[in-house]
Number of protein chains: 2
Amino acid sequence: MPRKVDVEQQKSDIAEAVWRLVGRAGLEAVSLREVATEAGVSMGRVQHYFRTKEAMLLYGLRLAQRRMHERIEARLVRRPDPDAEDVLRAVLEEMLGGDHDTRQTIRICVAFLPRALDDQQVADLLYADDAEIRAHAARVIGQAQAQGRADPGLDPEREARILWSLAGSLGVEVAFGRTSVEEARATLSYHLDRLLGSSARRPERADRT
Amino acid sequence: MPRKVDVEQQKSDIAEAVWRLVGRAGLEAVSLREVATEAGVSMGRVQHYFRTKEAMLLYGLRLAQRRMHERIEARLVRRPDPDAEDVLRAVLEEMLGGDHDTRQTIRICVAFLPRALDDQQVADLLYADDAEIRAHAARVIGQAQAQGRADPGLDPEREARILWSLAGSLGVEVAFGRTSVEEARATLSYHLDRLLGSSARRPERADRT
DNA sequence: GTCATTACGATGCGAACGCATTGCGACGTG
DNA sequence: CACGTCGCAATGCGTTCGCATCGTAATGAC
């Protein structure tokens with residue numbers, strides 16, 4: 001077997017160039033030539049790794065979402081023995097777009113929204129975790145009610161829906177520069193305090209415990 | 001003076017073709033030829049009324065938003081002596097995308113989001129009313145507090161932010177087929193009930209009072 | 001009727017597009 | 001040390017793009 005390179009590395013290098021272009025000016029800004037230039041490689045290379053433009057875009061979206069998942073996991077690792085609420089908070093915090101890559105990912109997802117209308121594959125990618133996380137949020141809210149922390153008059157399903165919409169919306173505002181991360185965080189924190197009780201919970205594990 | 005046509009009519013006919021294309025598959029789907037075909041006119045006509053593609057798109061966005069404003073006004077006309085809360089509720093209701101044209105407009109706004117990043121003109125159009133409406137919402141919430149209808153512990157500014165984000169987010173979900181209008185309406189109504197007290201207020205004026 | 005002016009339809013141009021093809025240098029295997 | 005395969009760079013093709021140009025039919029002022 002001949003010449004070997006790190007295929008995944010090459011593909012992700014190209015995908016990241018796609019991200020930058022999409023994040024900067026939307027899907028229309030993406031052409032094979034532009035991607036090649038942005039990645040600092042030849043157009044032949046791009047075509048070697050992606051048979052079609054469509055495949056390249058889909059790979060970029062998929063990878064962006066995987067990276068976002070990894071960032072959420074990383075947040076959880078920093079917590080000792082995370083419970084369901086920790087998981088929810090980690091997801092919400094990630095969605096706010098404090099991280100530069102997250103903002104990029106949010107912009108990418110927004111750019112793909114129109115495609116989801118008639119492309120089931122894109123729709124599946126974009127909405128993959130929605131139902132699961134909403135259900136999870138509802139459970140956490142119900143749990144807080146059972147513990148007497150949350151207003152028993154709340155409808156967990158509806159509140160979960162609202163929370164999810166709110167976090168998503170704040171993330172988009174941040175990603176498109178309409179709101180600062182601090183503002184978004186303060187707003188979400190305010191909402192969560194009213195929903196689950198004070199957010200002053202167990203702190204993240206400090207470095208070198 | 002020679003041949004006269006209804007210039008505004010012609011321009012809006014073309015703009016509506018742009019809407020259909022954008023609403024169907026995003027900004028990338030818009031080319032002069034496609035627009036001409038969709039509108040059932042010649043490409044020359046399109047170019048006659050819009051000097052550049054950019055001008056055409058901007059006109060489309062502007063007109064879509066003006067139509068949305070008009071629909072909100074129309075909602076208000078159906079209410080006898082509307083107060084500040086009626087205005088807020090009319091705006092929110094419109095944002096949910098119950099109307100087909102509104103859904104189209106929401107999809108158009110989303111499609112333009114990336115452009116707002118480095119096009120101040122687009123940004124101004126997209127975010128024109130945000131601050132005003134948020135301030136208005138905050139006032140309405142404060143007023144409800146003063147009347148003892150709303151929880152005095154609420155922060156009107158933050159609640160206004162949340163309400164605005166929520167309505168926008170629900171509208172986007174509806175516009176992209178992720179949620180039914182009924183669901184969105186129920187969710188918003190649930191939230192408003194907790195925020196302002198029962199939504200069972202003065203009904204709209206019935207036909208033929 | 002004459003004429004200026006508006007409203008277009010038709011056509012052409014250069015650039016950029018996605019994609020296919022070709023060829024060759026680099027490398028692990030025998 | 002050949003040989004076969006992989007990793008690309010280069011180039012070309014047909015299409016589509018936005019836009020400019022040009023010709024002409026229609027119309028109201030005189």
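Order of the sequence lines sets the chain letters (A, B, ...), proteins ahead of strands, with each chain counted from 1.
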### Message
Please enumerate all residues that pass side-chain contact (heavy atoms from CB on, under 4.5 Å) together with B/Arg194, with sequence neighbours excluded.
### Response
A/Asp151, A/Leu154, A/Glu159, B/Tyr190
### Task
For the pair A/Arg158 and B/Glu183, find out whether any cationic side-chain nitrogen is under 4.0 Å from an anionic carboxylate oxygen.
yes
### Query
For A/Gln47, which residues count as a side-chain contact (heavy atoms from CB on, under 4.5 Å) partner, sequence neighbours excluded?
A/Leu32, A/Met43
### Partners passing side chain to side chain donor-acceptor pair (under 3.5 Å) against B/Ser169 (at least two apart in sequence or in another chain)
none
### Query
Whole-Å distance between C/dT5 C1' and B/His48 NE2?
11 Å
### Message
I need the single residue from A/Ile108, A/Leu57, A/Leu63 that forms a side-chain contact (heavy atoms from CB on, under 4.5 Å) with A/Val18. Which is it?
### Response
A/Leu57
### Message
Tell me the interatomic distance from A/Gln10, atom CD, to D/dG7, atom C1', rounded to whole angstroms.
### Response
9 Å
#### Entry: Rounded distance in Å - NZ (B/Lys11) to P (C/dA7)
11 Å
### Message
Taking side chain to side chain donor-acceptor pair (under 3.5 Å) as the definition, give me every residue that meets it alongside A/His69, ordered by chain and number, with sequence neighbours left out.
### Response
A/Asp129
### Query
What is the distance from CD of B/Glu54 to P of D/dG18, rounded to the nearest Å?
12 Å
### Message
Whole angstroms only, please: what is the CZ-C1' distance between A/Arg45 and D/dC6?
### Response
13 Å
All N/O pairs under 3.5 Å across the protein-nucleotides 21-24 of chain C interface:
none

### Query
D/dG18 C1' sits how many Å from B/Lys53 NZ, rounded?
8 Å
### Query
Given atom CD1 of B/Ile14 and atom P of C/dA7, what is their separation to the nearest angstrom?
12 Å
### Message
Please report the distance, rounded to the nearest Å, between CE in A/Met43 and P in C/dC19.
### Response
9 Å
### Query
In chain order, what residues pass the side-chain contact (heavy atoms from CB on, under 4.5 Å) check against B/Thr37, with sequence neighbours excluded?
none
### Task
Using the test side chain to side chain donor-acceptor pair (under 3.5 Å), find all partners of A/Arg115 that sit at least two apart in sequence or belong to another chain.
A/Glu54, B/Glu28
### Query
Heavy-atom contacts under 4.0 Å between residues 29-40 of chain B and DNA chain D, which residues?
B/Val30, B/Ser31, B/Leu32, B/Arg33
### Message
Which residues pass the side-chain contact (heavy atoms from CB on, under 4.5 Å) test with A/Arg24, not counting sequence neighbours?
### Response
A/Arg20, A/Leu21, A/Glu38
